[in-house]
Structures are given as C-alpha cells and as structure tokens.
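Here the structure comes first, spelled out in structure tokens, and everything after it is commentary.
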Amino acid sequence: MTTWEQNPPVKLPNEPAITPQIVAEHGLSPDEYQRVLKIMGREPTMVELGVFSAMWSEHCSYKSSKVWLKKLPTEAPWVIQGPGENAGVIDIGDGQAAIFKMESHNHPSYIEPYQGAATGVGGILRDVFTMGARPIANVNALRFGDPEHPKTRHLVGGVVAGIGGYGNCMGIPTVAGETSFHRAYNENCLVNAMTVGIARADRIFYAAAAGLGNPVVYVGSKTGRDGIHGATMASAEFTEDSESKRPTVQVGDPFVEKLLLEACLELMETDAIVAIQDMGAAGLTSSSFEMADKGGLGLEIALDKVPMRETGMNPYELMLSESQERMLMVLKPGREDEARRIFEKWELDFAVIGRLTDTRRMVLRWYGDVVASIPIPPVVTEAPVYERPWTATPLPPALDAATIAPPKDYADALLQLVGSPDQCSKAWIWRQYDHLIMGNTAIRPGGDAAVVRVPDGNGKALAITSDCTPRYCQAHPETGGRQAVAEAWRNLTAVGATPLACTDNMNFGNPQKPEIMGQFAGCTMGMAEACTTLAFPIVSGNVSLYNETQGRGILPTPVIGGVGVMKDVTRCVDIATREAGLVLVLIGETRGHLGQSIYLRDIQGREDGPPPPVDLTVEKRNGDFVRSQIQAGHVAACHDLSDGGLAIALAEMAMAGGTGLTIAIPEDAGCPVHAYLFGEDQGRYVMAVRPAVADAVLASAAAAKVPATRLGSSGGAALTVEGVLAISVADLRRTHEAWLPAYMEVRS
Amino acid sequence: MKSAVLVFPGTNRETDIAGAIERSAGIKPHMVWHGDSDLPKVDLIVVAGGFSYGDYLRCGAMAAHSPIMREVKARAEKGVPVLAVCNGFQIAAEIGLVPGVLMRNAHLQFVCSDVNLKVESSQSLFTHRYQAGQVIRVPVAHAEGNYFADDDTLKRLEDRGQVAFRYCDSTGDVTAGNPNGSIRNIAGVFNDTKTVLGMMPHPENATEALFGGTDGKPLFDALAAALV
Amino acid sequence: MKARVHVTLKTGVLDPQGKAIGNALHRLGFPEVGDVRQGKFIELELAETDADRAKSRLDEMCRKLLANTVIENYRIELVS
Amino acid sequence: MKARVHVTLKTGVLDPQGKAIGNALHRLGFPEVGDVRQGKFIELELAETDADRAKSRLDEMCRKLLANTVIENYRIELVS
Ligand SMILES: Nc1ncnc2c1ncn2[C@@H]1O[C@H](COP(=O)(O)OP(=O)(O)O)[C@@H](O)[C@H]1O
Ligand SMILES: [Mg+2]
C-alpha cells in the first residue's frame, strides 16, 4: 500500500467535476470511461482523465488498427528493431545501422500549413535521432485536394515552405517524396514525413527505462500551452467547428531542434544515457508512460520542475502540452552534471524532474502534492482494442482495353499527361528543399529513388523512396496495398539498390465505417503479402485515421517509405538517358491494362475498372534481374513503369537526360497501341543498355525467363514512337515544367 | 594549409566545407566552436553556411556580433584570408568584412539548385585556378541571397575588380540565370584587398564527381596551392 | 489614404524569433531586456477616401492574407 | 517599461516582400491597394524606469543588432 491510496490526489483549484460531457470532450466513449473507473477504483482527477484521454486516443493506442498491423511481417535477418520503438532499425553492414520512420501531420497541416508541416518534420527527426542516429535524409509524401479547390494553393504553398523551412535549417537534405492532387483530399490534405538516419549498430538507444532511483531528465525547449489536446485532435474527425480547435497548433523552432540534435548526439557519445524518448504527440504523458511501461517500472515526476514558458501553467497543461523540441531521458545515477554541461553548452533547458520507482505507478506531484497516481500497466495492457466490423471492396469487373477509345492525337495526349498536376515536374517543390547539404546526394529528386552516400560507410549508399497509388487502393484495397509495396521495392531496384525494409504511413477515413475499415484491412493484407514475398519487412510506421470531413473520406492512402542499400555508390543509375546509341529494353510483360490508369482518368475522364494485378513472384524475378544488370554495369539509365505506363516513363527518361528516344511498338504487342503505351501493367522497367552488351543482356533475360523486348534506342532531339508520335524533348520539358510554377504563381 | 572552420549554433554546412578543404589540402581544418576563446593561428579562416542562431532576426546578424567574429575581423584586417560562404557571406557582410548586404530572395522562396557562375576574375588567391570568363556550375541553397549595394559601392566594386562571381546562363550571359534577384547578378565579392571572399553559392558541394560535380574544387585547390 | 497593419503572434504561441532576439540582446550586454516578441508591420497606400470603408476592406485583407488568424492577431490603423 | 521598435527598409531599397503582398492583394480582389512596404516590429520589456536612459539604450540595441542601418531605418517608441 502506498500512501496515495489512503490520500487520493489533490484536486486543482477550480477543478470541474467530471461529467459525461467532459468525458466526451476528452474523446473517451462511455465504455472507455467505465474502464478508466475500473482501473482507477475511483473517479479520476482531471489530470488523470487527461492522461487516459491522450493514452487511449487513436493516435497513441492504435485501438482500431492494432489487430491488422499485427499481420504485417516485421522480421528479417537484417532487422535490428521492428515496430514498437521510436523508429525501425536495420543492419546495413560495416557495423552501421539505418534508422527510419514515417509520420503524418495531416490535421495540423490543414489548419496551419506552414507550422503543421514544419512540426511534422521536426517530430519525425526527433523520432530518429532519439535512437542515436544522425539523420541523413528527409522524405515527404504529400496529397492535396483538387487544384481548383480554393484552399489547395494555399495549402501547397504553406506545406512546402514549412517542410523546407524546418529541414533546411536543420541541415538535413530532403531528397525524395511524392505529390499528387485529388478532390478526395479537398478537406483533408496528407502530409507524411520520413527521416532516415545512420547510427553505429552497437550504439542504438531505446526507450525502456531501467534502474530503480535513476534520474528522469527533461531537455530541450520549455513547455508552453501549445497543442494541448493535439493528440486527441489528430484522432477526431473534422466537423464544421474545427475552427474552434485552431489554437491547438504548435509552432516549431528548428534552430532549437538543431541544437537538441547536436546535444543529444554529443551526450550519446558517453555512456550516461539509460533510456531516451522524444516528446511527440501527447508530450510528457506518452513519453513518460512509454518509458516506464517498457522498463516495467514506476515513475515519479515533480511537474513543478518542468521548465515552463508561461506563468500560471497547471499540471493538466504540462502533461498534455505538445510543445516541440523536447526530450525525456533516464540517466545513470550521478551523471546529471555531465549531461547538464552539454545541454547548457548548447543553450538548452535541462531539468531533473523525477526518479524511477518500483511501484509501476505514474505519480505526478505539484509542489509536493500528489495530483495524479495511475497504475501504468493497465493503461497500456487494458487500452481499448477494437476489432471493428469491415466489409471488403469487391474487385471491379475487368475493362477490355479494346473498349476504351484511343486518344484523338497521341502527341497531344502525352503532352497533356506530362503537363498534368500529377505527372508534371515537382521541381518547384524540391527546389525549396535543400537536397544537397551534407554533400552525399548521388541521385537527386526527380527520378525513381534518391541515393544518398552513407557517411564513413566504405562507399556504400542508401536508396530511399516513398510510394502509394491511392486510386488503386480505392478500387481494390488488397491489390493497392500490394502495389504500394511493390512500387517502392521497384523504385529502389531501378537505381540498382537492394531493397531492405520499409516504413508505412496508413492514411484512411473513419474506421467506424465498415467500408473504410475494409479498406484498411484490405490494404494491410496486400501489403503483408508483398512484404513477405519481396523480403521487404515493415520496421516502423504510423496510422492516421478519421481523415474525413462531413462524411467524405480520403482515398485510402497507405504510403510506403522504402530503404535499400548499394554496396558501391558508383554503381547507381538514374533515369536520365544522357547519350545517344543506348539500347532501350523493356523488362516485364505488357498486357495493356488500362483499368484505373492515368490515361483512363486524365484523357478519358473515367475513374473505373480494376487496378492492374500485381504478381509478386514475377515482380521479384524481374526486379532481381534488373538489379543484377545494373550492378554488373551494363545499364546506363533505368526507370520503372508506373503512372502513365511506358509513354510517361520514356518521356521522363528523355527529359531528364536531354536526349531523344526512338522506339517502335512491336508487331506482336498483343494489345492496342494506346494500351501498349499507357497501360499500367506492373513489374516493368525500361533499361537503357550500353550497346556493346545489349545482346548479352537480352540473352541473360531469356535465360532467367524474364520478358525483355528491344524497343529502340536513344539519340536525336525528339521522343518518337514510330508511326504514332514525335515530340521534341524541349517541348516535353517545357510542358512538364510549366504547370506547377504557373499554378503557384497565382498565390493566395 | 592550416585552416579553421567556424561553427556557430545553427551552422550546418561545416562538415561539407571541411571535407572539401581536406580533399584539396590533404589536411583537416580545425573546427572552432563560436564560444571557444581563441582562434588558432591559421592560414585560412572559413565562415560556413547554415542558420546561425536560427537566422531569425536577419541572416547573419546575431553571429556577426559574437566575440569570435571580432577576432576574425581583426585577423582579416591583418591580411589573413577569409572564405565566407552563404550564411558566412551574410555574417561577413553584416560586420563589413565585404561590402553590401544580402536580402530576402526576390521570389521569397528558399532556392536549392545548380546555378551557372561566371568567374569574373582569376586574379585572387581564391580564383587563380579558374580562367576569367569561365562558366562553372555549382549549387546554391538559401532564402536570403539577394545581393544589394548602393550605386557608389557597386561602382567601386566593379572598378576595382572586386566582383568575384556573377550568376549567368550556360553561355555566360550575365543578364540571365539569376536565382535570387541579386543586383547585377552578383554572386560573390571580394574585400578591397581580395583576401576576403564572400559568396552565396556552395563550391564545397561541387567537389566530387558523383556528388554535384567538380566545378567548385579549383577554388579549394587554389587556396591549398597559395597558402602553403 | 495610408494604413498600417501590425501582425503579432497570439499570446501563448511560441515566438522563436522573439526568443532569439532576446537572447542575442542579453549576450550583447543588454541585461535589462525581458520578454521580446517579434511581429510584422505592413504599410499600405489605399485608393480609398472613406475611413469606414477602408477599415472594413483592411479587415478583410488581414483575414484573407496578411495575418494567419490561427496563430496571429492583427491591428489596423489609418494614418492619413 | 515596454518599448516598441519598428524597423523598415529605407526608401530606394527594393522590398520584395512588400511587392509580393501588394500583388497578392490585387489578385485577391483588392485593386485599391497601391504601394505596400513590409517591416519588422519588435516589442520589448525593459527593466528600466527612466525614459531617456531607456531610449538611449534602445537606440544602441537598434544600431548594434535590431536594424541593419545600411538598408534599414528604425523608430523607437516607449509604451509605458
Ligand atoms: N514533395 C516532394 N518532395 C521531394 N521530391 C518529390 C516530391 N514530390 C515528388 N518528388 C520527386 O519527383 C519524382 C517523381 O515522383 P513520382 O512520380 O512519385 O515518382 P515514382 O512514380 O517513381 O514514384 C521523384 O523523384 C520524387 O522523389
Ligand atoms: Mg518510379
């Protein structure tokens, strides 16, 4: 028996009685509140209620998604740490580890695009450096509403500036991403940020607290009233009155985060840290519970010791604040001064705020009084988990390409596509991101995957990409989930890298609707299958639900962030065909699948049909072949085929290299010309092969039973499909580069 | 060549430039924390890129007033060469080591991109490995690189050959290719003894073939050759 | 007519700029400086002679563009 | 004591931010807007009770840090 049980916690001045309304405002259902009462054995105080509300929010507890996430494969011999820590960790050789994760900041970015996106980047960076890694690359996956929607331009401008503003100041290159537009995101844009870092494989830092009596230390910025209820906000569907939730947006300070990064890495050079955890969503609450729970210990915190930015703050606010740029650490006993000196050198706050106990309770004190005392294990183990009802989306009936009209003019159609919002150059975006700092960027944004040399890594590099095709996921979630993983794997392969593992960001609508839950279930099953077959496990991830406004949900968007390794960075290739005389070889089988294609949507104005099937065995066979040819040095440029099919891929290669390409459609194509050019069959690549080895490459493809077609060659100043179209590379480029800057020029 | 690279809170391109120096000079520079009391005796002082003190008030303004910059200024006045890149240029301009100021980019956005630069003068210890008029390709990465100086200053700079680099297109046309609105396309300037070079572009990120090309390397080679 | 608009961060919103300026002033030997907040200040010429109408138009400009009312307050002042 | 400092670009110095705001206002349907200039606005708390001394200290702060007098003017105002 500890004293708190005889003396229930002290109430705060003016503390309201807990009414059903207050419970509801904390996002807890009546059932969930009953659980709270059972765990506590009495009515909670407001501070305690706030803690439960944060810990049991969708964002922190994964209550709707947990049962499905368990189905994802998370292991491989090279996985050091799978999901469950701040970020995933994989072995990349030479005693080094890559640490990475993706995270969403969708709702905050919609409300305040600059700060929402900026603090999203700040949050994911902390997740990675809290584990001991120096971040080496940032990635951003963005989904916006219809370009014609009055808010879209403002969101694009703010989000891009915010991502750049934070990453640039931190000095971490932003090297890859994706950006697309669809009316389904009109009221719910998606901002997913990923960070990849490098650490010594034998010096990874974890969150599990250990050592009875050890000091618990707060470092970083002071705590203010920002983002109180942020965690619950991220889990609540938007309604008309979301305006009233506005003040919950946090402001980031990338300069302080840069100092925090350097200070943490400096302290990590010593052996003073026992455990470390960043304060992200639900701030001090989730970080302290996570540390204590993982270590099977209790924690006593003197909240009055927390560095505060404002006067008059109370324990409730301190526990729920989402002020940025803060960390919680457990130190070895007696190492406080050493740590303090480092943080003070970097002009950061440092405070010993508590101790580890063996009570397995979270005891919060305020100037001596106990204001909350919560048993830790049940908050975690008895957190609600829902097996929400779900209904599967049936596979739409097949669409015969022959029933879909060819374009009136092939050249016009291709120009229209390369200049469309989704297919146009995103250079306007990545030019605002410092993608060159650190001097390790071998392949810049604009190709398939970015390639970044690993510092002190014996010439090895990481390939990094993010991918998802939401319209496929909408049409058939399982295929869409499979495709997202396959495309990420393919993009890594296309630069010559060996895909190792991925992180995911599951963005969906309201999981309480069976069709939406069915999308989640379907995508997860598809992803699981693809990850297993491709030996590409998920090592970290994030779920963002309730991306829904007035009953309209977003397209299901399970974004995959993939990481692969190249032993020798000099072997990587990009998509640019820079020289004449290269032989263009199409790898994979072309059936002319037009269902859910970009051609169908953007040229024919139809969003129907099934997505292209993904045969994972074929995917792996084709990809392994392509990689082997790149690594052997036979390939000068390579591009996978995705949105817009062969025609778009060739156009992108020609534009990137500034050289023309000429191909002929094979006689035995087996499908109409427009299906051959724009079909989105999976598992395909175009390789630009060095002429001297072209025959040998085709012969080894045949030996490996990989379909390979000699399409034509590079040279001249135009992209030519014999008898079908000819467009100068200059015209392609002009069109490709025009849309986004012109659109953003009219800034609002 | 003994060199020192200054590190302020928020500096973030110090490793890039230290790498470039080491590749050319074969010796690692001293990394000097802004709070360290003394600056080692070196042949070259480098003020690197980044966001010193967050650059929240005006780029370079806060770092310019640090004690170590007072020392840098004193050494520069005695003739010790100073290379000030990007945020370093902003700091150097703030304390008057080089003329002019750097304002917000005209388009108001951060810009990271390769640019073409025309080498205006090969008569300096920084540029003697280039030919005058040569066009080189190196990246920029900044939000406040819009160079400005009044007419008198500009006239003086031009008359004395103190413009080091100008933005241009691939043919060397210096009325094109301006990424930030800089007056007269000025990308880098010398002090009047040509011992201090302030420039916005990052030659350090163009010193390896696979990572941005090698057009920035002659600048470091030149320093390494001159300052033995 | 000439107008001035002041845009400031709402109380409680972190002001990294103000904080950095305060720290810098301390380092430069101004220990008397306490809290510092930074804001924006915009001067506009208006082809409008009616003060009321000008004010209501300025108010609209602030809400639409000049201020981000999620985190900022604004104040309008007519100068002449 | 509380003080306000306004830092503005000198006339003749190009103000891209002001220009961009002006253009954006035109596009948003405010054709009555003419010239726009943007400046900074800094509010400081001072542990100082003598107005003259405060002013001279503020002047020093402006010259040393808050304004770049090559391109900017500043104006000091004591509020209370
Ligand atoms: N927001 C962004 N930030 C950085 N790079 C981006 C962004 N959006 C798109 N890109 C880059 O543009 C290129 C094309 O993107 P995408 O069409 O999605 O490629 P893919 O079809 O190969 O997945 C990629 O190199 C990608 O990294
Ligand atoms: Mg691709």
Side-chain angles (χ1 to χ4, degrees), chain B residues 8 52-67 69-70 73 87 89-111 142-154 156-157 178-186 189 198, chain D residues 2-28 30 33-48 54-79:
Chain B
F8 294 96
S52 51
Y53 298 96
D55 272 349
Y56 284 131
L57 176 66
R58 233 179 18 256
C59 287
M62 297 186 195
H65 292 285
S66 60
M69 281 314 294
R70 226 171 291 142
K73 194 167 183 192
N87 192 223
F89 185 14
Q90 293 159 343
I91 297 168
E94 271 281 334
I95 59 169
L97 264 183
V98 285
V101 292
L102 293 141
M103 308 200 307
R104 189 84 186 270
N105 293 349
H107 49 71
L108 305 181
Q109 286 162 5
F110 187 96
V111 56
H142 60 249
E144 309 202 9
N146 182 355
Y147 185 77
F148 178 83
D150 59 33
D151 289 341
D152 290 348
T153 309
L154 288 171
R156 209 174 57 236
L157 282 177
N178 188 334
N180 53 28
S182 288
I183 196 158
R184 298 191 197 174
N185 276 33
I186 291 173
V189 296
Chain D
K2 209 168 157 169
R4 286 203 194 117
V5 174
H6 284 85
V7 180
T8 48
L9 284 170
K10 290 189 172 163
T11 23
V13 177
L14 196 72
D15 174 11
Q17 262 156 306
K19 214 173 74 188
I21 294 172
N23 290 341
L25 287 173
H26 289 165
R27 277 192 299 261
L28 282 176
F30 298 99
V33 175
D35 207 34
V36 180
R37 307 278 291 171
Q38 173 166 332
K40 271 178 276 200
F41 161 65
I42 301 157
E43 275 179 316
L44 309 98
E45 301 276 357
L46 293 181
E48 174 63 66
K55 277 212 171 157
S56 94
R57 292 289 281 175
L58 283 163
D59 197 68
E60 208 183 324
M61 292 179 209
C62 287
R63 278 181 293 108
K64 273 205 177 157
L65 181 75
L66 302 180
N68 178 344
T69 51
V70 178
I71 47 167
E72 292 170 328
N73 292 324
Y74 59 89
R75 203 179 74 232
I76 293 165
E77 193 185 339
L78 292 181
V79 188

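Only this structure's heavy atoms are used, side chains among them; waters, hydrogens and symmetry mates stay out. A note on names: the letters A, B, ... follow the listed sequences, proteins ahead of strands, and every chain is numbered from 1.
- Nearest heavy atom pair, residue B:M103 against residue D:L14, reads CE-O, 3.5 Å.
- Shown here for B:N146 and D:P16, the closest heavy-atom pair between the two residues is ND2-CG, 4.4 Å.
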Can B:V101 and D:V13 be said to form a side-chain contact (heavy atoms from CB on, under 4.5 Å), step by step? CA-CA 11 Å; B:V101 292; D:V13 177; over 6 Å; no
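- Only the backbone of B:N105 comes within contact range of chain D, with heavy atoms under 4.5 Å apart.
- If you measure heavy-atom distances from D:L66 to chain B, the contacts under 4.5 Å come from both the backbone and the side chain.
- The CZ atom of B:R104 sits 12.0 Å away from the CG atom of D:L9 when rounded to the nearest 0.5 Å.
- Put simply, of D:L65, D:V70, D:V7, the one with the most heavy-atom pairs under 4.5 Å next to chain B is D:L65.
- Not a single donor-acceptor pair under 3.5 Å links the side chain of D:K64 to the backbone N or O of B:H65.
- Within 6.0 Å of NZ on D:K10 lie more than 12 heavy atoms contributed by other residues, nucleotides or ligands.
- Counting all heavy atoms, side chain and backbone alike, D:K40 lies closest to B:L57 at NZ-O, 2.9 Å.
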